[in-house]
Each structure stands twice: as structure tokens, then as C-alpha cells.
Amino acid sequence: MNAGVLGIGRYVPEKVVTNLDLEKVMDTSDEWIRTRTGIQERRIAADNEDTSDLAYKAAVEALHKANVEAEDIDMIIVATVTPDQPFPTVSCMLQEKLGAKKAASFDVSAACAGFMYGMITAKQFIETNAYKHILVVGVEKLSKITDWDDRNTAVLFGDGAGAVVMGPVSEGRGILSFELGSDGTGGKHLYQNELDHIVMNGREVFKFAVRQMGESAVNVIEKAGLTKEDVDFLVPHQANIRIMEAARQRLDLPEEKMSKTIQYYGNTSAASIPISIVHELEAGKIQDDDLIVMVGFGGGLTWGAIAIRWGK
Ligand code: UT7
């Protein structure tokens, strides 16, 4: 029996900040941001809207789509590096907001690979029959740790949330294989400093990401006993269009078989993969029985990939 996705939801804040808006407040240009990253605009949460609020809205949609009641959730896993506060966790706040009375709750911190870590953790509990319904949320309010005086990073990030309800699915569907990894020696390239701001050596992270995304994607395909030709759709972490393109080319996939939502949302870290999947489901690009490869990487350094046969 495989664990799979019973329902998925997302929420992005209303406020849109375009590259042109950023041009007015810092030394940057729409042309630089678009050509170097693929980003055109991003969503920024309101002051009174914190990480748990974003998570709640995505979770409600996922539960509705899964047709699962909050009381029937056994566990809540929230992947985030921007919790409302260090503790209580966002997952506990979410448990209260949802009224998910019987759920055990904890947060996972693996930066932009966090959603992969969360889904793969949930898979273990489901496939050992310990739990039936697990809510996994990837959520960030990166705007609160963005250094708005640093053009190297400020133009990249956005706020948002994506959530899945996971549970047992029918034969042949669900998670077929996964890979997780980390390399703490690269932690110095992407971290939160003493002022609570994001600091990044973009070129180093870029090199790591290009290598790791392609490698992890190829590995999960092989682990599932499949070949590149079997892949219907690639959902890479949306950090930079040039990194995503390198992964796509490594899999010899045509452009239309890769999710590209970075232009609308920027880099939403742990939220980027589920936000992208909802976007592509709405666009009709992901269908039941499609073989989807998701792959993420982030600060830590961390990475994770999943091959999943979509549908219940
Ligand atoms: O989610 C996980 C994490 N993050 C990533 O995946 C990020 C990975 N890295 C990247 O995406 C890219 O390295 C960046 C988009 C961050 C930077 O692109 P790049 O092509 O590596 O640019 P660079 O850092 O080599 O900088 C090139 C130039 C520099 O000017 P000089 O020194 O050549 O005169 C920068 O100062 O671009 C300048 N620059 C900017 N110019 C206008 C850097 N940021 C900006 C900006 N607007 N926002």
C-alpha cells in the first residue's frame, strides 16, 4: 500500500508586488530580475497575517478537496523556516485553528526542501498503518526575514502556503520512491543571520542546486524502476528559472512538461512545490495517473525528491 495525496490546497496573500514596484524602492530593474530569475511578481502577506494564518487557509482547502474532516486528521506536519514564533509550533497553532483534536503536531525545518521532508515523513506513518490521515503543509512568510536593503536577496522571495492531506491510495498510485539528503558543509552559503535576515551566496547555491536537482530527479526515477520517458510532469522548487531549466534538460523533458510558476509567486521556499501543483491542476496540466517528479533544495543545505503516481 502506498501513501498518496487525497486532496491539495494553496493560499497566497492578496498583495502583489511587481518588479516595477521594487525598482522604485531599490537599485534593481525589472529586466535584471526577469532575465536572471524568471520572477515578475510575488505575493507579500499583510502585517496582521502570519505564517499560521496562511497555513490555515491552504489546509482548509486541502481538507475540503480530500473530503476529510479536521477531526479525522491523525497528524499535522508543517514545513517552515518562518514560524509565527519559535514555539508553540505553527502545526500546533494550526491544530487549534482547525479543531483537529486528535492530531499529533510538529514542524519540520528543512528550508526550501521542507515540503519534501514533510511528505516523506508522513509516508512512513501511513505505510506502516500507524496513521491514516496526515496533513502536510509547506508555508512561509519570508517577507518578515527578508533584508529589504539587500538587492541580492530581496527581489527573490514571496509569501504563501500549500497543503496536502495524505493517506492510503489505490494500488499503483501514490509515492513510488523518494530521496532525501543534506550537506551541512554548505550551510554557510544560505542562512539567517543575527539580525534575522536571509543571507545568501547566490552563485554557490546556484551551482549546488543545478547539480542536485538533476541528480535527485534522476535517482527517484531509477529507484521507482522507471525511465525518463515515463515522466509526465516535473515540479521543481521554484527558485530560479535557470536552475529549473537545467533540471528539465537533465530529464530531456519538453518545456510544457515542467511547472513554471515562479513568475507569479517568486521563491516561496517550502510552499513552492504544493503551490505549483495546485496551479498546474487548475491549468489541466496534471491528470490522475500522471507520473510526477517533485524536487526541492534549500538552505542547510538540504534536498529531497519524490516520484508519485498522481491520484487517489
Ligand atoms: O530557494 C533556495 C535558494 N536560493 C536559490 O536557489 C538562489 C540561487 N542563486 C541564484 O538564483 C542566482 O545566483 C541569483 C539570482 C541570486 C543571482 O544571479 P547571478 O546570475 O548569480 O548574479 P550574481 O550574483 O553573479 O550577480 C551579478 C551582478 C552583480 O553585479 P556585478 O558585481 O557584476 O557588478 C550583482 O551585484 O548582478 C548584480 N545584482 C543585481 N542587479 C540588479 C545582484 N542582484 C541584483 C538585483 N538587481 N536585484
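Everything quoted here is computed from the prediction, not taken from an experiment. Remember, it's 1-based here, ligands and their atoms both numbered in the order they're listed.
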Atoms of ligand 1 under 4.0 Å from any heavy atom of Arg242, numbered from 1 in the order shown, are 18 (O), 19 (P), 20 (O)
min-distance protein heavy atom vs atom 44 (N) of ligand 1 -> Trp32 CH2, 3.3 Å
_Is the distance from the ring center of Phe115 to that of His237 below 6.0 Å?_
no
Ligand 1 to Gly202, heavy atom cutoff 4.0 Å, flagged ligand atoms 8 (C), 9 (N), 13 (O)
**Message:** Using a 6.0 Å cut-off, check whether atom CD of Glu69 has over 12 heavy atoms from anything other than its own residue.
**Reply:** no
Is the shortest distance from atom 22 (O) of ligand 1 to a protein heavy atom below 4.0 Å?
yes
Phe297 heavy atoms within 4.0 Å reach ligand 1 at atoms 2 (C), 6 (O)
Residue, atom and distance of the protein heavy atom nearest atom 35 (C) of ligand 1 read Arg151 NH2, 3.9 Å
For Val155, the ligand 1 atoms with a heavy-atom partner under 4.0 Å come out as 48 (N)
>> With a 4.0 Å cut-off on N to O distance, would you call Glu245 and Arg242 a salt bridge?
In response: no
*asked:* Taking a cutoff of less than 4.0 Å between a non-hydrogen atom of the residue and any ligand atom, is Met200 in contact with ligand 1?
replied: yes
Test item: Met166 and Met119 side chains (from C-beta on) under 4.5 Å apart, heavy atoms | yes
message = Just checking Asn67: does its CG atom have more than 12 heavy atoms from other residues, nucleotides or ligands closer to it than 6.0 angstrom?
response = no
I'd like to know if the side chain of Glu31 pairs up with that of Ser29 as donor and acceptor (distance under 3.5 Å, no hydrogens or angles considered). no
Applying salt bridge (Lys or Arg N to Asp or Glu O under 4.0 Å) to Asp289 and not counting sequence neighbours gives Arg173
min-distance protein heavy atom vs atom 24 (O) of ligand 1 -> Arg203 NE, 4.1 Å
Using a distance threshold of 4.0 Å (strictly less than), state whether atom 29 (C) of ligand 1 has a protein heavy-atom neighbour.
no
Residues Arg309, Glu171: salt bridge by 4.0 Å N-O rule: no
Quiz item: Any chance NZ of Lys260 has more than 12 other-residue heavy atoms, nucleotides or ligands included, within less than 6.0 Å?
Solution: no
**Study point:** Leu190 heavy atom under 4.0 Å from ligand 1
**Key:** yes
Heavy-atom distance under 4.5 Å between the side chains of Tyr56 and Val139, does that happen here? no
Q: Scan the protein's non-hydrogen atoms and note whether one is under 4.0 Å from atom 32 (O) of ligand 1.
A: no
of all protein heavy atoms, closest to atom 5 (C) of ligand 1 is Val205 CG1, 3.7 Å
for atom 20 (O) of ligand 1, nearest protein heavy atom and its distance come out as Arg36 NH1, 2.8 Å
Closest to atom 46 (C) of ligand 1 among protein heavy atoms sits Thr28 OG1, 3.3 Å
Is it true that Lys141 and Asp159 make a salt bridge, defined as a side-chain N closer than 4.0 Å to a carboxylate O? no
Margin query: Do the side chains of Glu61 and Lys57 get close enough for a salt bridge, i.e. N-O under 4.0 angstrom?
Written below: no
Under 4.0 Å from one or more heavy atoms of Ile243, ligand 1 contributes atoms 6 (O), 8 (C)
Note: Thr153, heavy atoms under 4.0 Å from ligand 1, region reported as neither
The closest protein heavy-atom partner of atom 1 (O) of ligand 1 is Asn267 ND2, 2.7 Å
Near Cys112 (heavy-atom distance under 4.0 Å), the atoms of ligand 1 are 1 (O), 2 (C)
Ligand 1 to Thr37, heavy atom cutoff 4.0 Å, flagged ligand atoms 15 (C)
Atoms of ligand 1 under 4.0 Å from any heavy atom of Asn152, numbered from 1 in the order shown, are 43 (C), 44 (N)
So the salt bridge (Lys or Arg N to Asp or Glu O under 4.0 Å) pairs with at least one residue in residues 91-100 (sequence neighbours excluded) are Asp53-Lys97
re atom 10 (C) of ligand 1, the protein heavy-atom contact at minimum distance is Asn240 ND2, 3.5 Å
